[in-house]
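We count ligands from 1, going down the list as the structure has it; atoms in each ligand are counted the same way.
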Amino acid sequence: DFPPEDSGYHTYSETVSEIEEAAAEHPGIVDSTSAGRSARGRDIPVVKISDNAGTDENEPEVLFTCNQHAREHLTTEMCLHILRRYTDNHGSDPDITNAVDNREIWIIPMVNPDGSTYDVSGNGYRGWRRNRESEPVDLNRNWGYEWGCCGGSSGNPSQPTYRGPAPFSAPETATIRDFVESREAGGRQRITAHIDFHSFSELVLWPYGYTTADTAPGMTREQYRRFAELGNAMARSNGYTPMQSSDLYVTDGSMNDWMWAEHGILSFTFEMYPSGGGIDGFYPPDEVIERETARNDEAVAMLLNEAGA
Ligand SMILES: CC(C)C[C@H](NS(N)(=O)=O)C(=O)O
Ligand SMILES: [Ca+2]
Ligand SMILES: [Ca+2]
Ligand SMILES: [Ca+2]
Ligand SMILES: [Zn+2]
């Protein structure tokens with residue numbers, strides 16, 4: 001569990017309870033299921049927020065994923081903040097009501113429940129990043145687009161950016177791949193926009209990560225410009241620094257590259273608070289949760305709006 005002074009952070013079981021409570025309090029607009037199982041057999045919850053939530057309606061779909069990296073616990077709070085905000089304020093806030101009534105919002109608050117649990121299982125924080133397979137994998141290097149192509153990951157199982165033995169070798173990435181593929185109907189991917197929340201450094205990042213070139217197969221000048229314009233606008237709203245993912249460093253097998261190249265999903269990474277600091281940057285005190293999750297409210301609204309463009 002989290003140390004008492006950080007009890008504001010949610011463990012896996014507390015996250016599951018939060019989801020169950022939201023579904024119980026807002027039955028018409030919340031539908032929750034399991035996307036599949038983690039390496040150690042934990043259900044990976046996926047929550048849908050929309051009017052007539054039990055019906056698949058022809059509305060643009062938006063995905064938010066959190067906690068791909070175990071120690072990045074503030075991101076779990078970010079996803080739970082979106083869940084609470086878009087349910088509690090439905091019917092009272094016109095912008096939120098409009099978003100919920102005209103979109104299908106998918107939230108996966110804990111992509112890596114085994115790693116997240118392990119990170120807080122000892123006496124203090126372990127600084128754990130990867131999943132909990134016998135040869136632990138960096139989930140954000142295990143996606144199948146340009147996997148292992150370009151020196152943006154490691155083939156050494158002892159390294160923190162170990163890409164795994166093959167694309168989607170990790171149950172967690174395979175589970176989310178299957179979920180996204182299940183959102184294709186009539187040859188069209190219904191999810192149009194996505195944010196993968198990470199911490200830390202306060203950045204808004206867009207594809208590609210595998211190459212430093214702005215344009216490449218599957219990314220035209222116009223498409224790049226759309227990413228950059230929306231990325232810059234979201235960064236103006238939260239004070240993060242916008243850039244192409246590879247301007248930070250080259251990554252291959254990342255979630256963003258796969259979401260965009262394989263499904264045409266406008267896929268961003270947000271690196272949350274703080275802007276700097278050493279290892280303790282992954283463990284900001286729970287007193288900052290409210291402020292640092294609400295900091296992204298406008299950006300989330302912008303993405304939901306753009307999803308229908
Ligand atoms: C999305 C990429 C470019 C940055 C990310 N940084 S993190 N969250 O692991 O520190 C990562 O290395 O996966
Ligand atoms: Ca505290
Ligand atoms: Ca709906
Ligand atoms: Ca739909
Ligand atoms: Zn991360």
Side-chain angles (χ1 to χ4, degrees), residues 1-10 29 31 33 46 48-63 65-79 100-106 108 110-112 115-116 119-120 125 127-131 136-143 152-153 160-162 172-173 179-186 188-193 195-205 209 245 248-249 251 253-256 265 268-274 279-292 304 307-308:
D1 197 354
F2 288 89
E5 69 274 15
D6 282 340
S7 61
Y9 285 96
H10 290 75
I29 58 169
D31 192 39
T33 53
V46 55
K48 176 184 178 183
I49 307 172
S50 188
D51 62 338
N52 312 305
T55 307
D56 183 359
E57 296 185 305
N58 186 21
E59 300 161 318
E61 301 182 19
V62 179
L63 174 64
T65 51
C66 293
N67 201 214
Q68 248 200 119
H69 288 142
R71 61 193 172 190
E72 300 170 13
H73 301 287
L74 185 60
T75 69
T76 304
E77 304 310 316
M78 183 67 226
C79 270
V100 171
D101 292 354
N102 294 288
R103 299 284 183 275
E104 291 179 344
I105 303 169
W106 300 98
I108 303 178
M110 211 174 258
V111 167
N112 179 7
S116 182
D119 188 53
V120 299
Y125 298 115
W128 191 255
R129 172 184 174 88
R130 294 182 274 169
N131 77 351
V137 172
D138 180 349
L139 297 180
N140 207 27
R141 302 297 186 277
N142 189 241
W143 294 81
S153 60
T161 59
Y162 176 52
E172 296 84 5
T173 51
F179 169 72
V180 172
E181 291 178 348
S182 79
R183 302 311 310 142
E184 276 183 328
R188 188 161 63 92
Q189 173 54 252
R190 304 309 170 127
I191 299 171
T192 57
I195 297 176
D196 187 33
F197 287 98
H198 286 257
S199 73
F200 59 95
S201 296
E202 299 187 1
L203 306 172
V204 174
L205 306 174
S245 184
L248 182 65
Y249 44 76
T251 56
S254 75
M255 190 183 213
N256 291 147
I265 294 169
F268 294 86
T269 283
F270 277 31
E271 292 284 352
M272 295 178 71
Y273 174 92
I279 182 84
D280 55 5
F282 291 111
Y283 301 105
D286 64 359
E287 284 75 17
V288 312
I289 292 173
E290 180 51 42
R291 184 191 74 210
E292 291 304 324
L304 284 164

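The line from CD of Glu271 to CD of Glu202 is 10.5 Å long, rounded to the nearest 0.5 Å. Taken to the nearest 0.5 Å, the OG1 atom of Thr161 stands 6.0 Å off from the CZ atom of Arg141.
Excluding water, every protein N/O/S atom under 2.8 Å from the Zn ion (ligand 5) is given here by residue and atom: His69 ND1, Glu72 OE1, Glu72 OE2, His198 ND1. Of all protein N/O/S atoms, those under 3.0 Å from the Ca ion (ligand 4) are Asp56 OD1, Glu57 O, Glu61 OE2, Glu104 OE1, and waters are not counted.
Centred on the Ca ion (ligand 2), the angle running from Glu287 (OE2) to Glu5 (O) is recorded as 170°, rounding to 10°.
When each of Glu72, His198, Met78 is checked for a side chain to side chain contact (heavy atoms under 4.5 Å, CB included) with Met272, only Met78 meets the rule.
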Ile108 and Cys79: side-chain contact (heavy atoms from CB on, under 4.5 Å), yes or no, with the steps?
CA-CA 7 Å; Ile108 303 178; Cys79 270; over 6 Å; no
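The closest approach of Asp286 to the Ca ion (ligand 2), by N/O/S atoms, is made by OD1.
His69 places a side-chain heavy atom less than 4.5 Å from the side chain of Asp138. Contact of the Glu59 side chain with the Ser50 side chain is registered, since non-hydrogen atoms from C-beta on lie closer than 4.5 Å. Looking at heavy atoms from C-beta onward, Ile265 lies out of side-chain contact with Leu63 at the 4.5 angstrom threshold.
Take Thr251 and apply the side-chain hydrogen bond (donor to acceptor under 3.5 Å, both in side chains) test, not counting sequence neighbours, and it matches no residue. Residues satisfying the side-chain hydrogen bond (donor to acceptor under 3.5 Å, both in side chains) test with Ser245, not counting sequence neighbours, are none.
Ionic pairing of Arg183 and Glu61 is present here: one or more N-O contacts between side-chain nitrogen and carboxylate oxygen are shorter than 4.0 angstrom.
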